[in-house]
Amino acid sequence: MYKKIAIVTGAVKGIGKSIGKQLSNDGFFIIIVDIDETGANKIIETIGKDGSQFFRCDICNAEDVTKLYEMVFETYGRIDVVVNNAGIIRDNMIWKMSKEDFDFVVDVNLKGTWMMCKEAAKIMREQKFGKIINIASRAWLGNNRGQSNYTASKAGIVGLTRVLALELGKYNVNVNAVAPGLIDTPLTRALPEKVMQRLIEAQPTKKVGKTEDIANVVSFLVSEKSNFITGQIIHVDGGRSIGSTIF
Ligand SMILES: NC(=O)c1ccc[n+]([C@@H]2O[C@H](COP(=O)([O-])OP(=O)(O)OC[C@H]3O[C@@H](n4cnc5c(N)ncnc54)[C@H](O)[C@@H]3O)[C@@H](O)[C@H]2O)c1
């Protein structure tokens, strides 16, 4: 019998990589899911040596997602945890945003997460255990200009999380979301310095979060300590969801 199995999407870098590392320390075998194959070997050494496997899967491709779950269930016979972390941004004011950039962001962030949840639900409902964690964003609250596509996708994830908690609760499957604020990752490092400074200024705590801040909360939500928590959106954002201190 294998130890507990956790699938983590977008685990090659950023927040997903930290989640993978943390859950590996917590004793899970990690299925590292990503479209980025270049860093895959290195990542296996970082995330749970001898305790992880890389699987290339584009979460917006239904065939890839089906193959992923078939492989995991046939090989390991169980799926304890799914962390839907993979996500992208394509920011612009709505009058300049292309339909392609809207579709792309909603496809990856929302439809991809929905497809991952659907396959997880089929298995977890049957096995009568499981925990799904969806990584949303503090932006779901709708207080970022230039993110109409991203906000729509993340607000969708919040709604999806709540409905799935209702649908799966009686099968002993908990579904929660974590909504990160400003976190230091390759995604935010790509932002212009001026934008980053302004974002930090707006933070009540005047700090950028670390990927480990998110991983710690995920670790709690997949542990037995959180068994009575489902359908919740946990903001991990240095207080930014309360409001901005400059706007
Ligand atoms: N960094 C932040 O400040 C922040 C804030 C709020 C929410 N988030 C959310 O946290 C999550 C991770 O963000 P990050 O900053 O670590 O991003 P990142 O860009 O550093 O890493 C994202 C990973 O997802 C993978 N990925 C992208 N599209 C994919 C697809 N279609 N299928 C499979 N894998 C795919 C990428 O290859 C990459 O490894 C995202 O959902 C993001 O929206 C991040």
Side-chain angles (χ1 to χ4, degrees), residues 7-22 30-40 42-44 46-47 54-65 67-68 82-91 101 103-117 119 133-144 147 149-158 160-161 177-191 195-196 198-200 202-203 205 207-215 217-218 233-238 240-241:
I7 297 177
V8 184
T9 69
V12 161
K13 54 179 168 298
I15 292 172
K17 182 173 158 187
S18 274
I19 294 172
K21 273 190 194 173
Q22 180 58 52
I30 312 295
I31 312 292
I32 301 161
V33 171
D34 211 299
I35 44 172
D36 179 1
E37 285 174 286
T38 51
K42 210 165 160 219
I43 217 69
I44 287 173
T46 321
I47 299 179
F54 176 82
F55 193 89
R56 194 212 172 273
C57 164
D58 177 349
I59 59 159
C60 4
N61 180 314
E63 209 180 307
D64 278 10
V65 173
K67 278 191 192 148
L68 164 70
V82 174
V83 183
N84 290 307
N85 161 78
I88 57 163
I89 51 171
R90 289 290 181 280
D91 295 354
D101 277 352
D103 287 345
F104 189 32
V105 168
V106 172
D107 259 10
V108 177
N109 296 1
L110 182 56
K111 202 163 94 185
T113 299
W114 180 84
M115 290 198 294
M116 286 291 298
C117 285
E119 295 308 312
I133 315 296
N134 294 326
I135 304 300
S137 165
R138 184 272 305 164
W140 83 271
L141 291 162
N143 40 19
N144 276 11
Q147 291 203 314
N149 51 358
Y150 185 73
T151 296
S153 72
K154 295 297 186 178
I157 287 181
V158 167
L160 171 68
T161 301
V178 175
L182 189 62
I183 307 292
D184 179 30
T185 70
L187 186 141
T188 47
R189 267 173 241 147
L191 293 172
V195 174
M196 199 62 183
R198 205 158 157 73
L199 288 169
I200 296 168
Q203 288 279 111
T205 48
K207 279 183 197 145
V208 184
K210 298 190 294 289
T211 54
E212 291 80 5
D213 294 324
I214 308 304
V217 176
V218 173
I233 318 305
I234 319 284
H235 289 93
V236 185
D237 64 356
R240 182 64 176 80
S241 48

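Atoms within a ligand are numbered from 1 in the order they appear, just like the ligands themselves.
Side-chain N or O atoms of N85 include one that pairs as donor or acceptor with a backbone N or O of T9 at under 3.5 Å.
A pairwise comparison of heavy atoms in S241 and L141 identifies CB-CD1, 3.6 Å as the closest pair.
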Filter the ligand 1-protein atom pairs down to N or O on both sides and distance under 3.5 Å, then list them.
unit_1, atom_1, unit_2, atom_2, d
ligand 1, 1 (N), I183, O, 3.4
ligand 1, 1 (N), T185, OG1, 3.2
ligand 1, 3 (O), G181, O, 3.3
ligand 1, 3 (O), I183, N, 2.9
ligand 1, 3 (O), I183, O, 3.3
ligand 1, 15 (O), T185, OG1, 2.6
ligand 1, 16 (O), I15, N, 2.8
ligand 1, 31 (N), D58, OD1, 2.9
ligand 1, 32 (N), I59, N, 3.1
ligand 1, 37 (O), D34, OD1, 2.6
ligand 1, 39 (O), K13, NZ, 3.4
ligand 1, 39 (O), D34, OD1, 3.4
ligand 1, 39 (O), D34, OD2, 2.7
ligand 1, 41 (O), N85, O, 2.7
ligand 1, 41 (O), K154, NZ, 2.9
ligand 1, 43 (O), Y150, OH, 2.6
ligand 1, 43 (O), K154, NZ, 3.0

With a cut-off of 3.5 Å and sequence neighbours excluded, list every side-chain donor-acceptor pair involving residues 54-61.
unit_1, atom_1, unit_2, atom_2, d
D58, OD1, C60, N, 3.0
N61, OD1, E63, N, 2.9
N61, OD1, D64, N, 3.1

Compile the donor-acceptor pairs under 3.5 Å between side chains in residues 149-158 and protein atoms, sequence neighbours left out, one pair per line.
unit_1, atom_1, unit_2, atom_2, d
N149, ND2, R90, O, 2.9
N149, ND2, D101, O, 3.3
T151, OG1, A139, O, 3.3
T151, OG1, Q147, O, 2.8
S153, OG, N109, ND2, 3.2
S153, OG, Y150, O, 2.6
K154, NZ, I135, O, 3.1
K154, NZ, A136, O, 3.4

Evaluate side-chain hydrogen bond (donor to acceptor under 3.5 Å, both in side chains) for N134 paired with T161, printing each intermediate quantity in order. CA-CA 7 Å; N134 294 326; T161 301; 3.1 Å; yes

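Residues in residues 8-20 take part in these salt bridge (charged side-chain N to carboxylate O under 4.0 Å, His left out) pairs, two or more places apart or across chains: K13-D36.
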